[in-house]
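As structure tokens, the structure follows; a few thoughts come after it.
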Amino acid sequence: MNLPSQFVQRVTSQLGAEVDALFDALHEPPPVSLRIHTGKFEGSLPLDSVPWANDGYYLNHRPVFTLDPLFHAGCYYVQEASSMFLEQAVRQVGATEQPLKVLDLCAAPGGKTTHLMSLLHRESLLVSNEVIRSRAWILVENVIKKSGTNTIVTNNDPIDFGVLGATFDLMVVDAPCSGEGLFRKNRDSINEWSPENLNLCSQRQRRILTDALPSLKVEGYLIYSTCTFNPEENEEVVRWLITEHGYELVDLEFDEAWGFTEVNIMGSAACQAFPHRVRGEGFFLAVLRKMQPSKAVPQVKLVEKKRRPKKRSRARCGSCEPEIAKPVQHSFEKVTRRKSKEFEPWLNMEGEWLQFVARGDRAYAFTKSHVEQLLLLEERLKIITVGLPVGEWKKHGFVAAHGLVLSELFNEEVFPSQNLTVKDALRYLRREPIETSLPDGVGVVAYEGHRLGWVKQIGSRSNNWYPSEWRIRMPLPEVEPWSILREE
Ligand code: SAM
């Protein structure tokens, strides 16, 4: 590995004699880790746990995750271990115990968002945003696979949040950065590294924060993180938040044995993971508390979206992926009981905490207590998907969404289902034709009891309804591939 000389100089002055241990670690293969989505996958694994994340595990090798049907069923998310440290911050600010409004501002591909979906109080609202359109679709895929009813995925610039004014109790800004902490995982980040780029990153981080922070309430918490060791993007940004914006740095308590380093900034500590001290990649995290209103709320002239009448939309993609179509110019509205009668039995809904909402022809199940907030947010934000996609009204009736079958709320008693062999499961996930013994009509296919998606059986033919954009594109192996089910 050829490290840039200016990088070598800087980390040497940062770490002193210890720097050789860092360089040695950078030549080691990166640890492989994942986070189980409990509810979808029960039981613990016979693997080393990530000590700072309840559902995190280390694998002993890097398997081909794409060839594990459970990966596609949303049973787990492959995530770098150090970044799971977010869990410590979320727990310590009390966000697991009370319903909060949370914004994950730089969210794609969705590691922190899916972690937040697991951690936050069930009645919380999570707005998960990604500014880059193509990356926002990857975020949607991961959010739908994780499955929940209280998440809104948006595709907005940070300033669009700033103009909302004080809205969120907690904001996570996992900022785009120079990526020093990922040098051994992503060799491109070495080639892209330069002092100029680093400076641009630090300016961009400040701009993102300045634009979005007016939407954090006073006394609300900001979790700021990066995957770099560089003080300009870490300590200096935190110092700037304290001195220029009146934020208070909050000390986190954690076990010293985990290897995270306390970075003292004006008397309080942020946390840094170095790969030679922690079993994970480079990562930085600080928790700050907003102590005074933002100085300037961005004044962007908003073009108010007109709430259009209920017109049936024609802008859609294939019948099998209703929930991942391009957002249409419709407004969300509550679905009446009369209209939802048809699909209500498809969900196990205990109590009255869910509300069906629709945009155009698509219906979603959403946490009832946040429906009014959703209607307000959609006036200002580009919402791509909300809550749990349930299905779509089509010419011939209501067609269930892929997201529904992946949900823990799915009522398994309504549709017939069949477990597939691993070979057929992978062929299904490649969107190839498969044979089933399901009766005619819409049915569910699963692997070892974990639902993969829908098929429509017509006589001896089984139409594969797996979303084409998510299909496996790689060839299938001759031998049985790795699965988390067989991890030992
Ligand atoms: N939080 C994500 C996760 O855990 O999977 C990783 C986020 S990544 C470190 C930073 C994200 O910020 C990227 O998805 C990138 O597209 C986005 N980004 C890039 N420029 C941005 C900008 N100017 N404003 C907001 N987000 C930006």
Side-chain angles (χ1 to χ4, degrees), residues 33-35 37 50 53 55-56 74 76-90 102-120 126-146 151 153-163 170-183 185-186 188-189 192 197-216 222-230 233-234 237 273 280-286 298 300 381-382 384:
S33 47
L34 52 76
R35 205 169 23 73
H37 290 152
V50 175
D55 300 324
Y76 59 91
Y77 187 92
V78 181
Q79 189 180 22
E80 192 286 300
S82 298
S83 60
M84 297 182 201
F85 191 73
L86 173 77
E87 179 163 332
Q88 295 303 312
V90 169
V102 182
L103 170 63
D104 184 4
L105 184 67
C106 310
K112 311 263 175 338
T113 277
T114 51
H115 201 174
L116 287 165
M117 287 170 83
S118 295
L119 290 170
L120 295 175
L126 173 61
V127 178
S128 173
N129 178 68
E130 170 56 42
V131 67
I132 298 176
R133 183 97 182 144
S134 55
R135 289 175 62 79
W137 293 114
I138 300 162
L139 176 63
V140 168
E141 177 176 346
N142 286 321
V143 165
I144 289 177
K145 285 181 174 167
K146 162 69 187 82
T151 303
V153 180
T154 57
N155 170 220
N156 282 85
D157 190 275
I159 203 155
D160 299 332
F161 291 94
V163 295
L170 171 64
M171 188 186 296
V172 176
V173 178
D174 188 30
C177 70
S178 58
E180 292 175 0
L182 302 181
F183 274 2
K185 234 180 119 189
N186 175 10
D188 287 347
S189 52
E192 284 161 19
N197 187 30
L198 202 137
N199 192 259
L200 284 176
C201 284
S202 134
Q203 284 173 27
R204 181 168 55 178
Q205 286 144 1
R206 290 170 200 228
R207 196 171 60 240
I208 289 172
L209 290 164
T210 306
D211 286 349
L213 280 174
S215 67
L216 182 64
L222 164 69
I223 300 178
Y224 175 75
S225 60
T226 70
C227 50
T228 189
F229 321 119
N230 168 34
E233 300 174 75
N234 297 337
V237 173
E281 297 298 72
F283 185 65
F284 173 88
L285 183 144
V300 173
L381 302 175
K382 245 188 285 170
I384 310 184

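Atoms within each ligand, like the ligands themselves, are counted from 1 in listed order. Remember, it's a predicted structure, so these values are computed and weren't measured experimentally.
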Would N234 and T226 count as having a side-chain donor-acceptor pair, cut-off 3.5 Å? yes
Using 0.5 Å steps for rounding, measure from the CG atom of L381 to the OG1 atom of T154. 5.5 Å
Once the angle between the rings of Y224 and F284 is folded into 0 to 90°, is it parallel (under 30°), tilted (30 to 60°) or perpendicular (over 60°)? perpendicular
Contact residues of ligand 1 (heavy atom under 4.0 Å), by chain and number: C106, A107, A108, P109, G110, G111, K112, E130, V131, I132, R135, P158, D174, A175, P176, R204, I208
With a 3.5 Å cut-off and no angle check, do the side chains of S128 and T151 form a donor-acceptor pair? no
Can you tell me how far OG of S83 sits from CG of L182, rounded to the nearest 0.5 angstrom? 9.0 Å
Go through the structure and list residues passing ring pair (Phe, Tyr, Trp, His ring centres under 6.0 Å) with F161, not counting sequence neighbours. none
